[in-house]
Amino acid sequence: MAAYQINSPLSDTEVPVSTIPGGNNKRYAQQRISQGTGLLDLFERANLTADLRAVEDLLLERSRSRSELITAASIHTVRSGGKRLRAAMALLAAQLGSYQLSNVIHAAASAELIHAASLVHDDLVDQAARRRGRVTVHTRWDNDVALMVGDYFFALAAAEMSLSPDPRIITFYAQAVQTIVEGELSPVMVAEPAETALSQYFYKTGAKTAVLFEAACKAGMAAGGGDDAQTNALGAYGFDVGIAFQIVDDVLDFIGDEDTLGKPAGNDLRQGTITLPLIYALEATGSPLLRALIEQDAPDDAAVEAAIAEVRTAGGVDAAMAEARRYIAQAIGHLDVFPDTPARRALIDLTLFVVERES
Ligand code: FPP
Ligand code: MG
């Protein structure tokens, strides 16, 4: 059993053929389907389990502060887990070059620390009570603690990346954090017309989510001695995976259930957050029910459930998943410049996981 917590890894059930990304790696992707896309299996096959455990141990070690309160809230945050996708991508990116865990571990941990900081702050802003099935920091303690713990994690990330051997890594992460903050404050204002809504949605998604995947991949490649062309190729892969990841996240809000998600489904509609399935459903149908829901300040559960059903019937979920798969295919295409190695195969496996995950 791995030390890191991964909620509800995918069962190794058959993946529909329609989900196979394209690119020159298609045959490899097809072969993988029969072997399953569970994340723990994937890490095991890629020989990442021990190194991800080392990242996890480092995160826990860094959580120890002189303040007992910060220590408790930090450990609570780290133990809330997560899939550690960004760390895994940094490690695999380094494996495309010359891999040494001691060189890349700080870059991998930085990505997870920034991610943790952003989620502690995001849950505070969203007033979310639970994440990954556990109470959030501001709920368990209070808003001040959440603000400070987020800041603390961000400072830990800065200290961690300063230990990385390549100075480019600090730049990658610093620029990413600037963009994440800009993205967090860039709402999708309208659901129609689709052209405007899509441009706002993809800007926000790229900024708040994809750039950290991009930075983690670039940092990992830099730690593996990659040149600028290689780090840029990996960055483009990471960005596209990040967009697909967020689209799937938004889809899960329409098709997931609370037990699997570890947070209530339908949250986005309840909070008036406009995401891709809704935009596509409105574009397809101009549904009066959906337009009415968007106008409501605090829709009740029945209204949210009706809207979820409407979005699904209108094909909003299917269209959004098709878009996620397009990004995944594009992401895999960026790996074409690298030779066929176990690390490249594992990066392809990760993209399959991203579109097939259930939480
Ligand atoms: C989750 O979005 C939130 C993010 C991906 C980014 C949040 C960023 C900040 C709060 C800026 C602060 C950044 C740092 C580094 C301190 P969501 O609310 O759509 O998803 P959710 O359902 O998982 O909450
Ligand atoms: Mg949130």
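What you see is a predicted model, and the numbers here were worked out from it, not measured in a lab. For ligands, and for the atoms within them, numbers begin at 1 and follow the listed sequence.
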Give one line per pair: atom of ligand 1, protein atom, distance. Only N/O to N/O under 3.5 Å.
from	atom 1	to	atom 2	distance (Å)
ligand 1	2 (O)	K208	NZ	3.1
ligand 1	18 (O)	D122	OD1	3.3
ligand 1	18 (O)	D122	OD2	2.9
ligand 1	18 (O)	D126	OD2	2.9
ligand 1	19 (O)	K208	NZ	2.5
ligand 1	22 (O)	K263	NZ	2.8
ligand 1	23 (O)	R131	NH1	2.8
ligand 1	23 (O)	R131	NH2	3.3
ligand 1	23 (O)	K263	NZ	3.1
ligand 1	24 (O)	D122	OD2	2.9
ligand 1	24 (O)	R131	NH2	2.7

request  = Can you sort out the partners of Y173 under ring-ring contact (aromatic ring centres under 6.0 Å, His included), two or more places apart, ordered by chain and number?
outcome  =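 For Y173, no residue satisfies ring-ring contact (aromatic ring centres under 6.0 Å, His included) once neighbours in sequence are set aside.
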
key: Chi angles and distances behind the side chain to side chain contact (heavy atoms under 4.5 Å, CB included) call for E305, D300   = CA-CA 9 Å; E305 265 172 45; D300 59 25; over 6 Å; no

key: With E323 via salt bridge (charged side-chain N to carboxylate O under 4.0 Å, His left out) - residues at least two apart   =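 If we apply the salt bridge (charged side-chain N to carboxylate O under 4.0 Å, His left out) test to E323, skipping adjacent residues, the hits are R326.
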
Between [X] and [Y], is there a side-chain N and carboxylate O pair less than 4.0 Å apart?
| X | Y | answer |
| --- | --- | --- |
| R291 | E192 | yes |
| D122 | R131 | yes |
| R270 | D301 | yes |
| D349 | R344 | no |

message = Using a strict cut-off of 2.8 Å, how many protein N/O/S atoms surround the Mg ion (ligand 2)?
response = 2

inquiry  = Does any part of the side chain of R84, heavy atoms only, come nearer than 4.5 Å to the side chain of V55, both counted from C-beta?
reply    = no

ask   = Taking the six-membered ring where the residue is Trp, are the ring centres of F245 and F213 under 6.0 Å apart?
value =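 Between F213 and F245, which both carry aromatic rings, the centre distance is below 6.0 Å.
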
